[in-house]
Peer 1: 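Dropping the structure in here first, questions after.
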Amino acid sequence: MLVPKQNRMTVYKYLFKEGVMVAKKDYKKGNHDDPELDVPNLQVIKLMQSLKSRGFVNERFNWNWYYYYLTNEGIDYLQKFLNLPSDVVPATLKKTNRPAFPGGRAGGDRPAGRGGFSRGEGRDDGYRRGGY
């Protein structure tokens, strides 16, 4: 499918900025759902399909939605295609400065070692040994 260069650049820039792309499986839909992309949905799907065939994105399909994720090869390709320096990376690879868990542990308010199945301690295997 022939896609205008401006639309191709818009989709590739958005994909590189976010690192992911979502598209509804609706080939007759006018424009893509994202307000930043003023591109027909069919062109977005076909561009992603082209990148997928070259191994630059991974595709997941669920409930009539396509989910595309950039691979490392796709990041390299888009950096060269968009003439970006190598230190610019998609949002999915940027580290966030999240605060540590409160209290220094990941369990929240639950006491450590409680709940779930335990091995040996307090386990009643007598029901298996009973004679019928």
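Hydrogens, waters and symmetry mates are skipped; everything else that's a heavy atom, side chains included, is used.
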Peer 1: Applying the 4.5 Å side-chain criterion to the ILVMFWY set and letting contacts propagate, would V39 and W65 be lumped into a single cluster?
Peer 2: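 As far as the 4.5 Å side-chain criterion goes, W65 and V39 are not connected within one cluster.
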Peer 1: Under 4.5 Å between side-chain heavy atoms, counting indirect links through other Ile/Leu/Val/Met/Phe/Trp/Tyr residues: same cluster for V22 and F61 or not?
Peer 2: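 No; tracing contacts between hydrophobic side chains, which count when under 4.5 Å, never links both residues.
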Peer 1: Look at the side-chain heavy atoms of Ile, Leu, Val, Met, Phe, Trp and Tyr, link any pair under 4.5 Å apart, and say whether F56 and Y69 land in one connected group.
Peer 2: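 F56 does not cluster with Y69.
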Peer 1: Determine, stepwise, if the pair V57 / L15 fulfils side chain to side chain contact (heavy atoms under 4.5 Å, CB included).
Peer 2: CA-CA 10 Å; V57 294; L15 176 63; 4.1 Å; yes
Peer 1: Same cluster for M48 and Y14 if Ile/Leu/Val/Met/Phe/Trp/Tyr side chains link at under 4.5 Å?
Peer 2: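 Yes: a chain of side-chain contacts under 4.5 Å links M48 to Y14.
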Peer 1: Verify, without hydrogens or angle tests, whether T71 (side chain) and G55 (backbone) share a donor-acceptor contact under 3.5 angstrom.
Peer 2: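 Judged by distance alone, yes, a pair lies under 3.5 Å.
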Peer 1: What is the distance from atom OH of Y68 to atom CD of Q49, rounded to the nearest 0.5 Å?
Peer 2: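 The distance works out to 6.5 Å.
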Peer 1: Would a single hydrophobic cluster contain both V20 and L70, if residues Ile, Leu, Val, Met, Phe, Trp and Tyr are joined by side-chain heavy-atom contacts under 4.5 Å?
Peer 2: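 Each belongs to a different hydrophobic cluster.
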Peer 1: Please report the interatomic distance CG(D38) to CG(N7), rounded to the nearest 0.5 Å.
Peer 2: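 It comes to 8.0 Å.
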Peer 1: Say you draw a straight line from CE of M1 to NZ of K46; how long is it, rounded to the nearest 0.5 Å?
Peer 2: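 Taking CE in M1 and NZ in K46, the distance rounds to 7.5 Å.
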Peer 1: Working to the nearest 0.5 angstrom, can you tell me the gap between K25 NZ and Y66 OH?
Peer 2: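 Interatomic distance, K25 NZ to Y66 OH, rounded to 0.5 Å: 5.0 Å.
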Peer 1: For P90 versus G19, what's the shortest heavy-atom pair and its separation?
Peer 2: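 That closest heavy-atom pairing would be CB-CA, 3.7 Å.
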Peer 1: Do M21 and L51 come close enough that some side-chain heavy atom pair is under 4.5 Å?
Peer 2: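 A side-chain contact is absent here, since even the closest heavy-atom pair is not under 4.5 Å.
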Peer 1: Supply the atom-to-atom distance L47 CG to L42 CG, rounded to the nearest 0.5 angstrom.
Peer 2: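 The CG atom of L42 is 9.5 Å from CG of L47, to the nearest 0.5 Å.
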Peer 1: Closer than 3.5 angstrom, by distance alone: can the side chain of N41 be matched with the main-chain N or O of D26 as a donor-acceptor pair?
Peer 2: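 Side chain of N41 to backbone of D26: a pair is present.
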Peer 1: Output side-chain donor-acceptor pairs under 3.5 Å for residues 74-85, partner residues at least two apart or in another chain, one line each.
Peer 2:
{"unit_1": "Y77", "atom_1": "OH", "unit_2": "R54", "atom_2": "NH1", "d": "3.4"}
{"unit_1": "Q79", "atom_1": "NE2", "unit_2": "S86", "atom_2": "O", "d": "3.4"}
{"unit_1": "Q79", "atom_1": "NE2", "unit_2": "V88", "atom_2": "O", "d": "2.8"}

Peer 1: Any chance you could measure Y27, atom OH, to Q43, atom CD, to the nearest 0.5 Å?
Peer 2: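 If I round to the nearest 0.5 Å, the distance is 14.5 Å.
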Peer 1: In this structure, are over 12 heavy atoms from other groups packed under 6.0 Å from K24 atom NZ?
Peer 2: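 Enclosed: over 12 neighbouring heavy atoms sit under 6.0 Å from NZ of K24.
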Peer 1: I'd like to know whether NZ of K29 has more than 12 heavy-atom contacts from other residues, nucleotides or ligands below 6.0 angstrom.
Peer 2: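 Atom NZ in K29 is packed in, count exceeds 12.
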Peer 1: Ignoring hydrogens, what is the shortest heavy-atom contact between N31 and P40? Give both atom names and the distance.
Peer 2: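 Where N31 meets P40 most closely, the heavy atoms are OD1-N, 3.8 Å.
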